[in-house]
Structure formats: structure tokens, C-alpha cells
Amino acid sequence: MAEVYEIKGEDGTVLEVLGPDDEPQGETPGPETPEPETPEPTTTPVPADPYAEPTAAVSIASRASWGARYPDGDLTLTGPAVEVWVHHSVTAQLSPGASVAAEAEQMRALESVGQTRFGTGISYNVVIFPSGRAYQGVSWNRRGTHTGGRNSTSRSICFAGNYEANNPTAAQISTAAAIYGAGKDRWWTRGAPLGGHRDVSQTACPGRNLYARIDDIRDGEGSTPPSPGEPGGITVDGFWGSSTTRRLQQELGTPVDGVVSSQSVAWRDVNPGLTTGWRWVADAQGSRVIAALQRRIGMPSGQRDGKIGPQTIRALQRHLGTRVDGVISRESSAVMALQRRLNQGRV
């Protein structure tokens, strides 16, 4: 009988189940990645996966970016998958503001679990963190150990963390929706159903809070942040336009449209560094992304009104460690500092 690996909660509930498949019937295996006799890191470079090149809407960091050390699955698969399953990892619950380095560390921890249990490296095809950033696990055309009995015919989208106990972020849902949509007719068939692991296994995976969002992933369009440390980041030019706003929205987990809505026209002309995507009105109501930014940079709750202005700009400049003058000028040093941080996956 095939070995399975169960992760249980304190009450004994099975939160996640991993297990290998038997050899797929009627399938001719491609070249397999040799397994080491002991789980020693391999120094052999992992070849680029032609199936994993990101589209304009989807950005997935490569295996090399997080330091993959072990085999890339155990079998080369032919043709697209016919099912897609959503999982949770039941590992460390990082915050939306976690660093790229912290996420890479968690990817290596997940890889070690798969390697120790099955000798095939990381189990899941793609892993999404609360930041919304996505990382390639086992390559799209290689077999992992995510959904026992279905690994040869399905692919997996894993949310890093425990979603029986926590809620997925808006950024995670947006990223998963973008990946599911981009994979149609590419990594899986157009009609490949999306479901939760619990639909086909005796497990609570992907957790009740994430399972309740499956329809949002299936029906959404979504977008993903640029891959950390890879091409696709925003230009560091000191002008805060739609691309900077869009990246900020992704980082803060607010709706992603590249627009800062309902801002007071009184501050438009004195802040020439605020360019495309800013909506200036006489009776400003504020924007969700500015309110989220005000919270992230530590402004008191009574000052989080969602409106840009001297008070918010000074707080942002102090947070970024740049000159504090309450103005976003052309080629603003504060905006440049913000853009650099966003390209690093933080605010």
C-alpha cells in the first residue's frame, strides 16, 4: 500500500494528506530525475521548465529563485492536466508583509517535507503566500505528490499556511484566480475543474476558510505581483502612476486596478509626482489603498482616512527614511524608495 503523509490538528483532524501515485496506466514515462540515496542537496542546475514561462497577467518565481535543492518530481508528464486541486500547506503562517527571504525559507521547508517523505522534492506545483507572491514548486510537466491517486492527471495550487484557522488574503485569491485562468489550454485543459483537496480525499484540506473561496478563484480574473528578484518589477523613476499603484495594491491586498480614487483636488498641483491613475475630486472620500498604506506605515487609526495629503506624505517619508517635507515632487526620492521596496516585495 502506498505511503501517505498526514498533517493533523490538535483535535486529531486531518488537515492535509500527501501521497504518491502508482505508475500511470498507459503512459510512457519520460526521463526521470534520479533520487539520491540520502537527502543530500544536489548541485545539478534545474533546467528551465518551458511550461512555466509567465504570461503578462501571471508572474511565478522560478525554482532557482527560492533555492530548490532536490529532485523536480519523479516523472515527466505528457499533455495538460484534467483537474486542478487547491491545497494548504499547514506550515508557518507568514504575514502579508513577510519578506521574500522568509517566503523562500518556507519554500525550502516545504521541499524538505516532500523529499524526506517521498524522495521527490517539493510536492505542490505552485505555492502562494499571503503577500500574493507565487513560487514554482514541482514544474508543471513533472509529477508531484500532492493529491494521492491523481498526481499524474492533475496539478496543484497550494496556499502557504493553515486556512482551517486563518483567512486567505485578497492578494492570494487574486493570484490563484490569475494562475487558474492562465493555465487553461496550457497547463490544464480548458474544462479542467477546480476543487478543494477535501473533495477527493479524507482531509480538511484546504481548510474551511479557503474552501469557501473556491468559487472566487474559479470565477475571478485576478493578477499576480512581479516575481521577486526576477524581471517584471516597476520602473524606479520617482513618479507615482498607475503601475506603482497597482503594485502597491497587490502588496497591500486591496482591489487591483491601478487607480487611487476620490482624492482631494486641493493637493493635486502641489504634488506633481502623483501622475496617472489618481482621481482628483472636490469632495474626497478617500481610497482603500491609501487607507491600507496609512495602516501599514503606522499612522494612528484616527488618521487613516484614505486620503493623500501633507500628513500622510510626511508619515510615508519618515517610514521610508527620506526627506520629510510633505510633498511628492517630480522624481520624488520618497517614491523611488517606495518603488524599490515594492520591487523587493515589501512596503
For the residue pair H88 and Y163, categorise the inter-ring angle as parallel (less than 30°), tilted (30 to 60°) or perpendicular (more than 60°).
tilted
In terms of relative ring orientation, are H146 and H87 parallel, tilted or perpendicular, with 30° and 60° separating the classes?
perpendicular
With ring centroids as reference points, do W280 and W267 lie under 6.0 angstrom apart?
no
State whether the side chain of R108 and the backbone N or O of W66 hold a donor-acceptor pair below 3.5 Å, judged by distance alone.
yes
Determine whether a donor-acceptor pair (N or O, by modelled atom type, separation under 3.5 Å) exists between the side chain of R247 and the backbone of N343.
no
Expected output: side-chain R63 to main-chain G137 donor-acceptor under 3.5 Å:
yes
Nearest heavy-atom pair of P193 and V82: which atoms, and what distance?
CD-O, 3.1 Å
Check whether any side-chain N or O of S131 sits under 3.5 Å from a backbone N or O of P96 as a donor-acceptor pair, and report yes or no.
no
Is D74 reaching over with its side chain to a backbone N or O of T120, donor-acceptor style, under 3.5 angstrom?
no
Donor-acceptor contact below 3.5 Å, side chain Q339 vs main chain T244
no
When every non-hydrogen atom of E251 is compared with those of L342, the smallest separation belongs to CB-CD2, 4.1 Å
Of all heavy-atom pairs between Q249 and V259, which one has the smallest distance, and what is that distance?
NE2-O, 3.2 Å
Would you give the length of the straight line joining atom OG1 of T147 to atom CD of E83, rounded to the nearest 0.5 angstrom?
8.5 Å
What are the two closest non-hydrogen atoms of N125 and V138, and how far apart are they?
ND2-O, 3.1 Å
Of the non-hydrogen atoms in A334 and Q317, which two are nearest, and what is the gap between them?
CB-CG, 3.8 Å
Output the distance between atom CD (Q263) and atom CG (N271), rounded to the nearest 0.5 Å.
10.5 Å
For L194, does its backbone N or O pair with a side-chain atom of R218 as donor and acceptor, under 3.5 Å?
yes
Donor-acceptor contact below 3.5 Å, side chain H319 vs main chain V347
yes
